[in-house]
Number of protein chains: 2
Amino acid sequence: MASSELKDKVYGELSRITQAISNPKRMELLDLLSQKSWSVEELAREINMSVASTSQHLQVLKVARLVQARRQGNFIFYQVADDHVLRLVSAVKDLGFTRYAEIDRVLQDYNEESHSLESITLEELMKRSGKEKIMLIDVRPPDEYASGHIRNAISIPLPELKKRFKDLPKDKTIVAYCRGPLCVMAQEAVKFLNSKKFKAIRMEDGYVDWKLKQVS
Amino acid sequence: MASSELKDKVYGELSRITQAISNPKRMELLDLLSQKSWSVEELAREINMSVASTSQHLQVLKVARLVQARRQGNFIFYQVADDHVLRLVSAVKDLGFTRYAEIDRVLQDYNEESHSLESITLEELMKRSGKEKIMLIDVRPPDEYASGHIRNAISIPLPELKKRFKDLPKDKTIVAYCRGPLCVMAQEAVKFLNSKKFKAIRMEDGYVDWKLKQVS
DNA sequence: ATTCTATTCAATAACTTAATTGAATAGTTG
DNA sequence: CAACTATTCAATTAAGTTATTGAATAGAAT
């Protein structure tokens, strides 16, 4: 085989990956799958698409070996294949968020308040949690917490916050996180807690960001 | 704007990136551009494609803001926009190499000897260079060395090795690197040096891998 | 065994992407 | 400023991608 054929073969294989993530709906699927396993039906509802189309997109991701399927009862649950996939999705999002002012503008328009809320990054959290009293709460749905969460975070799903906020300490800073910057749950939690005179701040990074920092 | 429109907008923007890298030739271009700036003509020759087609691919990458163009004399030189792009390309390659046995097989078929050569990783190099006497040589063309190289590496382009090998020390381990695992230059260098009774080994990681480890 | 249900498959039509060609352009060089 | 040259543009054709629909399937549940 000539050298150019060799290169074509290699980049052809690599483009099986990039081809698979080239579609907006498939990026959305991968982003959802980064949090937990989902059935096809759930995913279809979440991304606003017919079950058949969703299934086809999942097939594409499966053939590229970015996701895996397993049956559980009547349902088939999909999940990301491994951390390399998380890293790839994360690299795309990092690039996108730093690059495209459009995304930020869209998000800001959607929720003016969100940007006025105090927020910290994962790194700041790490530093500060050594020095001061901080309580980290994960406000995502319980199944997502169960399938992985930041160490020492406790689960208080957003809908439960109104019942459980009284148990929270007033002398600690409460840091709330959810799926990531695109998710509004942590923001809602912080607004609510602040209205109840807690010292609450948001962290935009999510579990996946934390997880990826652990290994390296 | 409804929440679903918002999401569509966000993932639509992200897919401008993934769409741009979805093509094998464009992946190859990005990989080349990771090493240094290239003119359209040079790139066209390297990827075996007409200048017009190459230019069109570069336009796509430029619109997605993955690369930048600047004029220099009669030529227009392209370069990657920033480190986020390097990280993205690197994430794709990492995933590809670990995932697709096909790639490895293709490479192995192409050069049986390459896999029998002793080689080390970047991390091993870092560790060992504290303890033993190691000389690191960069065997890429001089312009690539000039546009960035691993700290403390000295430049000995492969074609010059036959003239200059006599100046190399026999009491140190010589580690040679080039563009990365797909590149054969370091391998050639190691084979040559070993035949001259030097203790030479290859490192498959390249400058880009090193650079990306510096920041994080 | 039969029913039920989540998922997948197949066919289609609208749309997008890609390589090729030859012409146009913009900017440098003499 | 005229000639030159690297790059880009535009038009075309072929190939690939996507959403939609309705039918098929595979496996679990009863």
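Keep in mind the model is a prediction, meaning the values are calculated, not measured. Throughout, protein chains are lettered first and strands after them, A, B, ... in sequence-line order, and every chain is numbered starting at 1.
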**Complete:** From CD1 of B/Ile47 across to P of C/dA19 the rounded distance in Å is 9 Å

**Complete:** A/Glu28 atom CD is separated from D/dA19 atom P, nearest whole Å, by 12 Å

**Message:** Could you tell me how far apart A/Ile21 (CD1) and D/dT17 (P) are, to the nearest whole angstrom?
**Reply:** 15 Å

**Fill in**
With B for base contact, S for sugar-phosphate-only contact and - for none (protein heavy atoms under 4.0 Å), nucleotides 4-11 of chain D reads --SSBB--

**Asked** Rounded to the Å, how far apart are A/Gln72 CD and D/dG27 P?
**Response** 16 Å

**Request:** Could you check if a side-chain atom of A/His149 sits within less than 4.5 angstrom of a side-chain atom of A/Glu144, using non-hydrogen atoms only?
**Result:** no

**Prompt:** Are any of the side-chain heavy atoms of B/Arg202 and B/Val175 separated by less than 4.5 Å?
**Reply:** no

**Request:** Taking the side chain as every heavy atom from C-beta outward, state whether A/Leu33 and A/Leu43 have any pair of such atoms under 4.5 Å apart.
**Result:** yes

**Request:** Check the distance between C/dA18's P and B/Met27's CE and give it to me in whole angstrom.
**Result:** 14 Å

**Prompt:** For C/dT17, does OP1 or OP2 lie under 4.0 Å from any side-chain N or O of B/His57?
**Reply:** no

**Prompt:** Under 4.0 angstrom, heavy atoms only, what part of the nucleic acid is A/Gln19 near: base, sugar-phosphate, or nothing?
**Reply:** sugar-phosphate

**Request:** Hey, could you give me the CD/CG distance between B/Glu28 and B/Asn23, rounded to the nearest 0.5 Å?
**Result:** 10.0 Å

**Asked** Would the number of heavy atoms belonging to other residues, nucleotides or ligands and lying under 6.0 Å from CZ of B/Arg151 be above 12?
**Response** no

**Request:** Determine whether A/Gln79 and A/Trp38 make a side-chain contact, defined as any pair of heavy atoms from C-beta on separated by less than 4.5 Å.
**Result:** no

**Item:** Divergence of helical axes at both termini of the helix from C/dA1-D/dT30 to C/dG30-D/dC1 - five pairs an end, 10° steps
**Value:** 40°

**Asked** Going through the checks in order, is the side chain to side chain contact (heavy atoms under 4.5 Å, CB included) test met by A/Val80 and A/Leu88?
**Response** CA-CA 11 Å; A/Val80 290; A/Leu88 176 57; over 6 Å; no

**Message:** Whether the side chain of A/Gln35 engages the backbone of A/Arg179 through a donor-acceptor N/O pair (distance < 3.5 Å, no angle test) should be reported.
**Reply:** yes

**Asked** So, does B/Tyr177 use its side chain to make a donor-acceptor pair with the main chain of B/Ile150 at under 3.5 Å?
**Response** yes

**Item:** Rounded distance (Å) that lies between atom C1' of D/dG16 and atom NZ of B/Lys25
**Value:** 18 Å

